[in-house]
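Here's the structure, in C-alpha cells; my notes come after.
Whatever order the structure lists ligands and atoms in, that order sets their numbers, starting from 1.
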Amino acid sequence: MQIFNTKSSLQHYLQHIREDRKTITLVPTMGALHEGHLSLIRQAGQSGDITVCSIFVNPTQFNDPKDLEKYPRPLGNDIALLESTSCDVLFLPSVEEMYPDPDENWHLDLGNLETIWEGEHRPGHFQGVTQIVYKLFNLVKPDFACFGQKDFQQVMVVQKMIDIKQLLIKLIICPIIRDKHGLALSSRNMRLSAEGKEKALVLSKSLQCAKANFKSKTIDELTRLGKDIIQAEEDVTLEYFAICETRTLQQTKELHSDKEYVALVVAWVEDVRLIDNMLLNE
Ligand code: PAF
C-alpha cells in the first residue's frame with residue numbers, strides 16, 4: 001500500500017494509473033477504522049482497479065471543537081488494518097494540506113436534506129461533509145466512491161452534491177455491517193459497556209419490526225411500533241424514529257407503491273448517540 005501525505009504526490013501517482021486506463025475507487029474515511037470500513041474497502045476492490053482510502057478528520061464538519069479534539073486517531077492500527085485488505089493507496093493529508101485557506105467559503109444548496117434529522121442536530125455538518133468530499137473527489141477523480149449506508153443521510157447528501165455538480169462518479173452504497181446480535185458497527189460502540197451494547201439492540205429491533213410489518217401497517221402504526229420498542233427499554237433515550245422516503249428523507253402520511261422507504265433511528269445509550277437505519281422495501 002502506498003501512502004501519500006500531499007495532494008501533489010497523490011495526483012502524480014494517480015495520473016499514471018489513469019494513463020494505464022485503470023479505474024479508481026475512493027473510500028473517504030475519518031479513520032478509527034472497523035469492520036464496517038473494511039467492508040467498504042473490500043467492495044471498492046471489487047468495483048474498480050485501484051482503491052484509494054483517505055483518512056482525514058475533517059474539522060469543518062464538527063459543530064463542537066471538543067468533539068473534534070476527542071475524535072480517536074489510532075493511526076498505526078488503521079494502517080495495519082488497511083494493509084490487511086485490498087487497499088492500494090492511503091491518502092493521509094494534514095489540515096493545512098486540505099485547507100490552505102482557513103477562511104475558505106463553501107456553500108451548496110442541499111435544500112431540506114441539510115436541515116432535517118441529522119442536520120437539525122448538527123447545523124453546518126453536511127456543508128462540511130460536502131466541502132471535504134468535493135475536494136477529495138476533485139483530487140482523486142474517482143470512477144466510483146464507496147459510502148456506508150449506516151450514515152444514510154450523508155449518502156443522500158453526497159448523491160445530491162454529485163447531481164448538482166454533475167460529477168461523473170458512481171456512488172456505491174455499501175450495506176450496514178452488524179455484529180452477530182444485530183448492533184450496527186460504529187466507532188462509538190467502543191464507548192459502550194457490555195450492558196450498554198445489550199440495551200442498544202433495541203435500535204435494530206425497532207427497525208426490524210418496521211420492516212417486518214411494512215406491507216401490513218400504516219406509517220403511523222409502524223412509527224408507533226418502532227418508538228414503543230425503544231421507549232420500553234430503560235436507560236435508552238429516543239431522539240427520533242421516522243419512516244421517510246429515501247431520496248428526500250421527508251416523512252409522508254401514506255405509503256406510495258412506486259417509492260422507496262427507509263426507517264431512521266437515533267437513540268442515546270450511556271451518553272453515546274447511536275444511529276441506525278433500514279431500507280423497508282427490500
Ligand atoms: O463518514 C465519514 O467518515 C465522513 O463524514 C467523511 C465522508 C469521510 C467526510 O469527512
Ligand-side contact atoms (ligand 1) for residue partner [X], heavy atom cut-off under 4.0 Å:
{"X": "Met30", "value": "3 (O), 4 (C), 8 (C), 10 (O)"}
{"X": "Ile132", "value": "9 (C), 10 (O)"}
{"X": "Phe147", "value": "7 (C)"}
{"X": "Pro28", "value": "8 (C)"}

Search all heavy atoms of Met30 against all heavy atoms of Tyr71 and return the closest pair with its distance.
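For Met30 versus Tyr71, the nearest heavy atoms are O-CE2, 3.5 Å.
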Polar contact flag for Asn58 and ligand 1 (N/O pairs, less than 3.5 Å)
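Looking only at distances, the answer is no, because the N/O contact criterion of under 3.5 Å is not met.
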Under 3.5 Å: N/O of Thr29 near N/O of ligand 1:
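So ligand 1 has no N or O lying under 3.5 Å from an N or O of Thr29.
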Give the single entry among His125, Lys135, Gln154, Gln61 that approaches atom 9 (C) of ligand 1 most closely by any heavy atom.
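Comparing heavy atoms across His125, Lys135, Gln154, Gln61, the nearest one to atom 9 (C) of ligand 1 lies in Gln61.
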Go through the structure and list residues passing side-chain contact (heavy atoms from CB on, under 4.5 Å) with Asn5, not counting sequence neighbours.
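Asn5: side-chain contact (heavy atoms from CB on, under 4.5 Å) contacts with Leu92.
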Pairs where residues 263-275 contributes a residue and the test salt bridge (Lys or Arg N to Asp or Glu O under 4.0 Å) is met, not counting sequence neighbours
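Counting only pairs at least two positions apart or across chains, the salt bridge (Lys or Arg N to Asp or Glu O under 4.0 Å) contacts touching residues 263-275 are Glu118-Arg273, Glu239-Arg273.
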Please tell me whether Phe152 and Trp117 form a close aromatic pair, meaning their ring centres lie under 6.0 Å apart.
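They do not qualify: ring centres at least 6.0 Å apart.
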Using a distance-only test with no angle check, is there a side-chain donor-acceptor pair under 3.5 angstrom linking Gln131 and Gln61?
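The criterion, which ignores hydrogens and geometry beyond distance, is not satisfied for Gln61 and Gln131.
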Just wondering, do Phe91 and Met98 contact through their side chains at under 4.5 Å, heavy atoms?
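Heavy-atom side-chain distance check passes, below 4.5 Å.
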